There are 2 protein chains.
Amino acid sequence: MVTLAEVARHAGVSASTVSYVLSGKRTISQPTRERVERSIRELGYLPNAGARALASSRSNIIALMMPLRTDMYVPVMMDIALAVATTAREHDRDVLLLTGQEGPAAVRRVVGSGLADAMILMDVELQDARLPLLHESPHPSVLIGLPADTTGLTCVDLDFVATGRLCVEHLAELGHREVALIGEAAAVYERHTGFAERTIAGVRERAGELGVRVLHRPCEGSYEAMAGTLARILQERPGTSGFIVQNESVLGPMLSLLRQQGRAVPEDASIVAICPDEVATQGSVALTSVAIPAREMGRRAVELVMPKVEAAGRGGHGRPVPDRIELIPPRLTVRASTGPAPVAGRG
Amino acid sequence: MVTLAEVARHAGVSASTVSYVLSGKRTISQPTRERVERSIRELGYLPNAGARALASSRSNIIALMMPLRTDMYVPVMMDIALAVATTAREHDRDVLLLTGQEGPAAVRRVVGSGLADAMILMDVELQDARLPLLHESPHPSVLIGLPADTTGLTCVDLDFVATGRLCVEHLAELGHREVALIGEAAAVYERHTGFAERTIAGVRERAGELGVRVLHRPCEGSYEAMAGTLARILQERPGTSGFIVQNESVLGPMLSLLRQQGRAVPEDASIVAICPDEVATQGSVALTSVAIPAREMGRRAVELVMPKVEAAGRGGHGRPVPDRIELIPPRLTVRASTGPAPVAGRG
DNA sequence: TACGTCTGTCGAAGCGCTTCAATTCGGTTC
DNA sequence: GAACCGAATTGAAGCGCTTCGACAGACGTA
C-alpha cells in the first residue's frame, strides 16, 4: 500500500502539503499541486480510509437502515436504497447497509463508533423505537417516512394525504360517487406505518368535501385476497365505480378479476393506482396512477442529510441546520384505467 | 466520546489489557476481565471504528456491489442484499452498499483504501469488467453468479443448468413432448449474464436426452410482450403444452392470457416457473416452480468470504483458502400449475 | 531601509486503537 | 534457596492521516 508519506517523498514536498492538495483546505501553488497530483497518479495512491477517519473524526459514510420485512412493495425499497447509494457517491460518501434485524441498537452502534457520520432511516413507524435514540444522539439523521411526532426531526416522504385527496378528486371529476380504497395488508396498518393511514385520511377528507362515498378495505398481496376483497366491496356497495389501489401487488389480480366478471376498465370501473410508474405501465391496461417517487425520496434524503453532516464536521461550528419536513407533492398521471362514471340506472 | 484509555483508567488497568479483553487475543484473568467489562458498560464505551481499522488494518466491512439496473427481478436482488447484510452481522461485519454506477473502479477504490476487507459482487456477467481488478487485487472476493472463466475465483449461484434440466424432466415425466422456454428480456441475453444462457443449455441438454422438442423465446416484462410471445409460440408450435417461465414478471400476464384463450392450467397447459417461492404462491394459480434461493445465495456468499477475510487478516499467514465454485442444487416444488399432457388427437 | 502582510509550505502533535516485547509475580523444580 | 517457568499484565511504538501554529520569502507600504 502506498502511503501519503511516500507520495510526499516522491513529489519532494511534506506530508501536510499532500494532504492539503487532497483536501483543498489550504491554497497550494499551481506547480506544487501539479507535481503532487502526478505523484499520486504515478504511485496509484489511495488514501487510507481508517487513518482518515481517525484523524478527521469523520468516516464519510452514511448509514442506511432498511426494513427487514418484505410485506411492503419491495422494488420501492430497492429503488430508494439505490438512489441513496448513488446520490451519496455524488457527495463523495459511501453507504453502509443496515437491516432492521439488529433493532434500535444498531443506531447507537454505528454512529457511536464513528462508523457512520449520519443515518437515513427507512420504513419509519408512527411510534418508532429508534426515535428516542436519534433524539439523544448528536448525529445527523433523516427519516424516510413520517412518525407521529416530528419535533426535532428531518423527514422526507410522499405527501400521502395529498395523494389520497388527489385520487378522489380525479375520480370525482369523472363523475364517480362511490369509491373504494383498496389498501395495504392488514399487518401494515397494525404496525402504524403512517403512510397508509395518511392516505385514508386524505381520501376521506376530500371525499367528504366532494360528497363521494368511500369504502376502505385492507388487502393482502395475493390473488385470493384480492378476489375476496373485491367481492365484498361489490356486495356491500354495488354502485362502486371508482377504485383507488394502494397495494401494488394486487393490481394484476384485480385487472384479471374485473375482466372475468365482465367489467370493462375504464367503462365500468375506473382504477387509480398508487405505485411506481413502471408498475402502472406494465400491466394489460396502462393505469392512471399517482407515482411513488422512490428515487426522488432517496435522493432528497441524502441531500437533506449532507448539510447537517457538513455542519457537524466543522467541529459543531457552522450554525445547526434547521429541521425540516419535506413532503413531496403527488403527481397524478392519467392513463387508460380511468374514465367517466357509468350512468348506471341513476341518470 | 469515551475512549479505551478512559475505560482503562476507570477499571484500573492498562489500555492494552482493555484491548485484549475486547479482542480475546490474550488470556485475561476472570476478575480483571469482569472489572473491565463493567467499566465498559458503565461508561457506555464503543470502540472507535476508524482507530481500530487503522491499527489493525482491517475495517470489518464487506462491500456488496449491486447492479444498478432493474431489468431483472428486483426482489431477488433485494433478498440477496438483505441476506448478505444479516449474515455479515452474524460475523460481526458490516456491509457497504455499492452500485454498479461507479463501474469497476469502485472495486479498486473500496478495497484499495482499506474501506472494505472484501467484496461480494452481484449480477456478474460472463466477461465481467470487474474480473481483471479482482485478479490483481489481493483482497478476498466472492461472486454471486458465474463468469465464463472462473479460474482463481470463488462463486456461488443457483445451478441453472440443473434447473433447466429439472424443469424439462418434470414436464417430460408428465408426458409433455413440446415445451417452450419463456426467457428473460432480450437485453439480459445481450449482456451475457450467464444464468439465462445456462438455463437454456440445461433445458436443451435434457430435452435432447428425453426426446422433447424445445422452443426458446426471450420476453420483456410486460403484458403486451407476453401476449406477443405466447401468440408466436402457439402459432409456430401449436402442440406446445409445457411452459418453462424464467421471467417472473410475466407470470401474471401469462395466466391471464391463457385463461382468456380458454386454455386451462394445468389441463391444457402446464407451467413451471423459475422464481422465488413467494411469487409462485401468490398468483391465481399456485405455480409449480424451481425456487431461486436468494437468501441462501446471500448467506453463502458471506460464509464463503469470511474464511478468506480471516486468513488475510493473519497478516497473510494461515494458508490461503482454496477457490471454490458453489452451485446450489435446484429444488422443484410441484404445485397446481403442472399436470399430465393433454392427449391432443395423438393418442 | 525597515515594517507589516500575505502566500505557500513545513514540522510536529495527536486521533484511538492494536500488538509486540518486556516485565512482574506466584508457583515449581532441583 | 537459586533458577526457572508460565500466566497475566504493561509500556511503548506505531498505524496513516489531518490540522494547527510556525515560518520563510515575496510583496507592498511608509
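Keep in mind that what you see is a predicted model, and the values were worked out from it rather than measured. The sequence lines fix the lettering, A, B, ..., with proteins before strands; numbering per chain opens at 1.
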Enquirer: Would you mind reporting whether B:Met1 and B:Asn48 have side-chain heavy atoms less than 4.5 Å apart?
Expert: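 Counting from C-beta outward, B:Asn48 and B:Met1 never come under 4.5 Å.
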Enquirer: Figure out the CZ/P separation between A:Arg9 and C:dC10, and round it to whole Å.
Expert: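 Rounded to whole Å, this separation is 14 Å.
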Enquirer: Are any non-hydrogen side-chain atoms of A:Leu134 and A:Asp128 less than 4.5 angstrom apart?
Expert: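 SC-SC contact between A:Leu134 and A:Asp128 ruled out.
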Enquirer: Does any non-hydrogen side-chain atom of B:Met297 lie less than 4.5 Å from one of B:Ile328?
Expert: yes
Enquirer: Could you run through nucleotides 12-18 of chain C and give me one letter per nucleotide, 5' to 3': B if any protein heavy atom sits under 4.0 Å from the base, S if only the sugar-phosphate is that close, - if neither?
Expert: --BBBBB
Enquirer: Taking the side chain as everything from C-beta on, heavy atoms only, tell me whether A:Met66 gets closer than 4.5 Å to A:Thr99.
Expert: no
Enquirer: Between B:Thr193 (side chain only) and B:Phe195 (backbone N and O only), is there a donor and an acceptor less than 3.5 Å apart?
Expert: no
Enquirer: Cut-off 3.5 Å, side chains only: do B:Ser16 and B:Ser19 have a donor facing an acceptor?
Expert: no
Enquirer: In the structure I gave you, are the side-chain heavy atoms of B:Met122 and B:Leu64 within less than 4.5 Å of one another anywhere?
Expert: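 In short, these two side chains touch, coming nearer than 4.5 Å.
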Enquirer: Hey, are the side chains of A:Arg109 and B:Asp94 touching, using non-hydrogen atoms and a 4.5 Å cut-off?
Expert: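 A:Arg109 reaches B:Asp94 side chain to side chain.
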Enquirer: About how many Å separate CG of B:Asp117 and NZ of B:Lys308, when rounded to the nearest 0.5 Å?
Expert: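 Going from the NZ atom of B:Lys308 to the CG atom of B:Asp117 covers 14.0 Å.
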Enquirer: Tabulate protein N/O versus nucleotide N/O from nucleotides 5-8 of chain D, keeping only pairs under 3.5 Å, one per line.
Expert:
unit_1 : atom_1 : unit_2  : atom_2 : d
D:dA8  : OP2    : B:Thr27 : OG1    : 2.7

Enquirer: Short question: side chain of B:Thr32, backbone of B:Ile28 - any donor-acceptor pair under 3.5 Å?
Expert: no
Enquirer: When the C1' atoms of the five terminal pairs at each end define the local axes, what inter-axis angle does the helix from C:dT1-D:dA30 to C:dC30-D:dG1 show, to 10 degrees?
Expert: 50°
